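Scroll down for the structure; my scribbles are underneath it.
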Amino acid sequence: MKSVTSKIKLFRPVLTLRCSYSSTDQTLLLNEFTRLCYQRDLPKAMKAMDSLQSHGLWADSATYSELIKCCLSHRAVHEGNLICRHLYFNGHQPMMFLVNVLINMYVKFNLLYDVHQLFDQMPQRNVISWTTMISAYSKCKLHQKALELLVLMLRDGVRPNVYTYSSVLRACNGLSDVRMLHCGIIKEGLESDVYVRSALIDVFAKLGEPGDALSVFDEMVTGDAIVWNSIIGGFAQNSRSDVALELFKRMKRAGFIAEQATLTSVLRACTGLALLELGMQAHVHIVKYDQDLILNNALVDMYCKCGSLDDARRVFNQMKERDVITWSTMISGLAQNGYSQEALKLFECMKSSATKPNYITIVGVLFACSHAGLLEDGWYYFRSMKKLYGINPGREHYGCMIDLLGKAGKLDDAVKLLNEMECEPDAVTWRTLLGACRVQGNMVLAEYAAKKVIALDPEDAGTYTVLSNIYANSQKWNSVEKIRTRMRDRGIKKEPGCSWIEVNKQIHAFIIGDESHPQIVEVRKKLNQLIHRLIGIGYVPETNFVLQDLEGEQMEDSLRHHSEKLALAFGLMTLPSEKVIRIRKNLRICGDCHVFCKLASKLENRSIVIRDPIRYHHFQDGKCSCGDYW
DNA sequence: TTAGGGTTAG
């Protein structure tokens with residue numbers, strides 16, 4: 001290995017302003033400075049730089065570049081500023097290369113003002129100067145600025161290269177931007193670059209176009225682990241966990257080793273599908289990265305979303321380092337699983353730690369209040385969030401409060417709060433109010449809220465269903481029929497109820513009206529037997545299924561065979577008696593299934609966990625963790 | 001001799 005000093009070149013002084021020093025002395029000063037820079041001795045190099053400046057001397061650009069690298073590795077912002085001042089001392093203009101290095105230093109120090117000052121002052125700029133700027137804006141998520149710079153760069157006659165494209169792709173806000181850049185990339189023959197490819201895959205996936213991402217991926221001849229991570233992560237983020245897990249298998253077959261980023265996406269995929277067994281298997285492979293913060297955060301989330309709170313708590317407690325995401329994940333996880341009081345206690349612990357809560361943390365806290373009907377706590381946290389944490393209430397915070405107030409029977413207060421919102425209420429906000437109207441049976445307000453939702457999100461089948469159920473509850477059959485006609489006319493179809501259960505690391509799906517499961521006959525038989533046994537201990541099947549139809553289970557199908565009941569029967573048939581039965585649903589659980597599961601947990605002496613899109617129900621010994629409040 | 005891609009919470 002070459003020693004650092006071997007890099008040191010002897011050179012003549014670049015510029016001499018004062019001639020009181022002999023040429024030999026100047027050379028000695030410069031050589032000493034160069035030696036210290038290459039040895040990365042920052043304090044001594046800074047002193048030597050002072051001497052240079054007092055004698056009007058400048059070293060060569062490569063030496064300063066070394067010194068700046070040293071500042072970067074020590075995050076020495078003050079020293080970086082001194083170097084910059086020295087380089088521009090007395091109107092001296094550093095070489096373009098060196099200005100690029102300086103700009104990059106300020107980017108890494110996150111000092112955008114200085115970045116711009118230097119960039120604006122440059123007499124000439126090359127592709128690297130422009131790309132450094134574009135990358136800086138992309139990283140700060142100032143996407144529009146980054147795209148504007150690309151346009152200015154093109155106007156300046158500078159052609160983008162692979163570095164520019166891989167930076168600017170991250171700044172694309174819409175598909176049209178990506179497609180335009182993609183054309184440029186193909187035209188310039190740059191699509192084979194692995195950085196450009198992974199950036200393209202990533203941006204297509206993040207914009208919800210996994211098909212395009214896969215096309216770019218499949219065209220690849222040679223790739224690396226990061227391209228695999230981009231495509232796996234892309235599918236995991238787009239609720240296509242099944243594809244993500246399939247790609248992960250392909251990645252392993254192709255001989256690539258899964259590292260932190262891969263495993264984090266794999267965990268996210270398991271989280272999306274609530275695949276506890278597979279997630280636990282991934283956990284075993286993660287042990288060697290047990291200090292990795294992001295992976296641990298993903299693990300806590302996976303266990304929470306799979307309803308395995310003991311495991312989530314264990315990982316959380318063993319973590320040596322926790323950040324705001326760790327705390328927020330655990331707080332929301334506890335709240336979603338029905339442990340609201342514990343979630344609020346954890347928030348108090350967080351406050352005594354060094355980590356500051358953020359917007360999402362407070363969403364979790366208010367979520368905990370809303371799911372347990374903790375009205376006073378909710379108001380306290382909502383009213384104090386700005387004063388205590390400097391966080392302005394956003395849609396999600398208002399949404400939790402509207403849900404809390406509405407379900408507590410204070411619909412007037414909920415409407416008042418909705419009207420006071422600083423941001424415009426969206427379809428989700430109005431849907432929250434509609435949900436509260438359903439619980440309270442307030443038809444007039446429900447009609448108003450539904451109208452608002454439909455205006456903002458006309459394709460949402462759930463809204464029509466909730467409204468139709470509210471009418472049915474009041475025996476307004478004409479109105480029910482009108483809704484059905486309206487849906488038919490608009491071609492809106494309700495999403496069929498679907499439940500998934502993992503058995504031997506395989507996912508089994510049960511969909512209303514779908515007979516394709518190979519064991520469906522046995523499953524139905526088992527379910528009917530269970531229904532009869534439950535009737536024996538007091539279960540009264542709801543016959544008026546229209547009244548029970550909550551957000552979309554098909555009215556035409558009998559409640560008897562709602563998808564979660566089929567999945568439960570299958571779980572009882574196939575899983576060992578000590579195993580928890582974990583079911584994931586696409587729609588919210590209905591009242592009849594809720595009673596059914598409570599009784600089944602008692603009769604069969606089993607723990608049953610059902611995860612719906614909003615929250616999880618832990619059934620045990622005839623009770624549910626939600627306290628029948630959902 | 002400077003510039004580029006992938007991972008976590010609502």
Side-chain angles (χ1 to χ4, degrees), chain A residues 60-66 68-69 94-105 107-108 125-136 138-139 160-170 190 193-203 205-206 213 223-234 236-237 251 258-269 271 286 289 292-302 304-305 322-333 335-336 357-368 394-397 399-400 428 614:
Chain A
D60 71 332
S61 298
T63 303
Y64 288 115
S65 177
E66 282 301 312
I68 292 168
K69 276 185 207 161
M95 279 175 71
M96 192 200 297
F97 145 69
L98 199 49
V99 183
N100 287 343
V101 174
L102 277 173
I103 292 178
N104 182 48
M105 174 188 80
V107 170
K108 300 259 163 72
R125 303 170 186 110
N126 65 5
V127 62
I128 299 178
S129 331
W130 286 101
T131 303
T132 309
M133 292 299 290
I134 290 171
S135 163
S138 294
K139 278 178 192 154
N161 62 14
V162 285
Y163 288 86
T164 326
Y165 279 118
S166 52
S167 297
V168 79
L169 276 167
R170 283 178 17 162
L190 304 174
D193 183 85
V194 68
Y195 285 78
V196 171
R197 198 172 279 276
S198 62
L200 266 173
I201 291 169
D202 187 55
V203 72
K206 288 209 166 90
D224 62 9
I226 295 182
V227 185
W228 280 99
N229 292 345
S230 298
I231 192 74
I232 293 170
Q237 286 160 31
M251 178 187 180
E259 37 174 56
Q260 282 104 317
T262 330
L263 293 166
T264 306
S265 291
V266 168
L267 279 179
R268 185 174 172 148
T271 306
I286 288 164
Y289 299 119
D292 187 279
L293 178 64
I294 298 178
L295 252 176
N296 276 324
N297 286 347
L299 258 181
V300 172
D301 191 44
M302 185 273 291
C304 284
K305 296 238 166 72
R322 298 183 192 117
D323 65 1
V324 67
I325 298 184
T326 324
W327 290 96
S328 306
T329 308
M330 198 65 216
I331 290 168
S332 296
Q336 285 163 339
N358 67 10
Y359 187 99
I360 300 175
T361 322
I362 308 298
V363 173
V365 169
L366 292 177
F367 194 79
R395 278 200 192 95
E396 294 89 340
H397 304 109
C400 288
V428 179
I614 308 284

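Reminder, nothing fancy here: chain letters follow the sequence lines and each chain counts from 1. Everything numeric here is computed off the predicted structure, so don't read it as measured data.
- With rounding to whole Å, A/Asn104 atom CG is found 12 Å from B/dT1 atom C1'.
- In this structure, A/Arg197 reaches neither bases nor backbone, as no heavy-atom distance under 4.0 Å exists between it and the strands shown.
- Among the heavy atoms of the strands, none lies under 4.0 Å from A/Lys69.
- Contacts of A/Asn358 classified as side-chain hydrogen bond (donor to acceptor under 3.5 Å, both in side chains), with partners at least two apart in sequence or in another chain: A/Thr361.
- Using a 4.0 Å heavy-atom criterion, one finds that A/Tyr359 contacts the bases of the nucleic acid, with or without backbone contacts as well.
- The base of B/dA3 has none of its N or O atoms less than 3.5 Å from a complementary donor or acceptor on the side chain of A/Asn126.
- As judged by a 4.0 angstrom heavy-atom cut-off over every strand, A/Thr329 is placed among residues touching the sugar-phosphate backbone only.
- Applying the 4.0 Å criterion to OP1 and OP2 of B/dT7, one finds that A/Lys206 has a side-chain N or O inside that range.
- Nucleic acid contact class of A/Ser65 (heavy atoms, under 4.0 Å, all strands): none.
- Between the CE atom of A/Met330 and the P atom of B/dG10 there is a distance of 13 Å, rounded to whole Å.
- Among the heavy atoms of the strands lying under 4.0 Å from A/Val227 is at least one base atom, whether or not backbone atoms are also near.
- When the side-chain hydrogen bond (donor to acceptor under 3.5 Å, both in side chains) test is applied to A/Tyr195, no partner is found at least two apart in sequence or on another chain.
- Side-chain N/O atoms of A/Ser167 and base N/O atoms of B/dG4 include no donor-acceptor pair closer than 3.5 Å.
- Of the side-chain N and O atoms in A/Lys139, one or more sit less than 4.0 angstrom from OP1 or OP2 of B/dG4.
- Contact annotation for A/Val300: no contact, since no heavy-atom pair falls under 4.0 Å across all strands.
- Nucleic acid contact for A/Asp193: base, since at least one base atom lies under 4.0 Å from a heavy atom of the residue.
- A distance of 5.0 Å separates CD1 of A/Ile231 from CD1 of A/Ile201, quoted to the nearest 0.5 Å.
- Counting any heavy atom pair closer than 4.0 Å across all strands shown, A/Asp292 reaches no nucleic acid atom.
- The side-chain ring of A/Phe97 is stacked on the base of B/dT1, judged by centre separation under 5.5 angstrom and plane angle under 30 degrees.
- For A/Gln336, no side-chain nitrogen or oxygen approaches OP1 or OP2 of B/dA9 to under 4.0 Å.
- Under 3.5 Å, the side chain of A/Asp224 and the base of B/dG5 form at least one donor-acceptor pair of N or O atoms.
- Base engagement by A/Val162 is indicated by at least one non-hydrogen atom pair under 4.0 Å involving a base atom.
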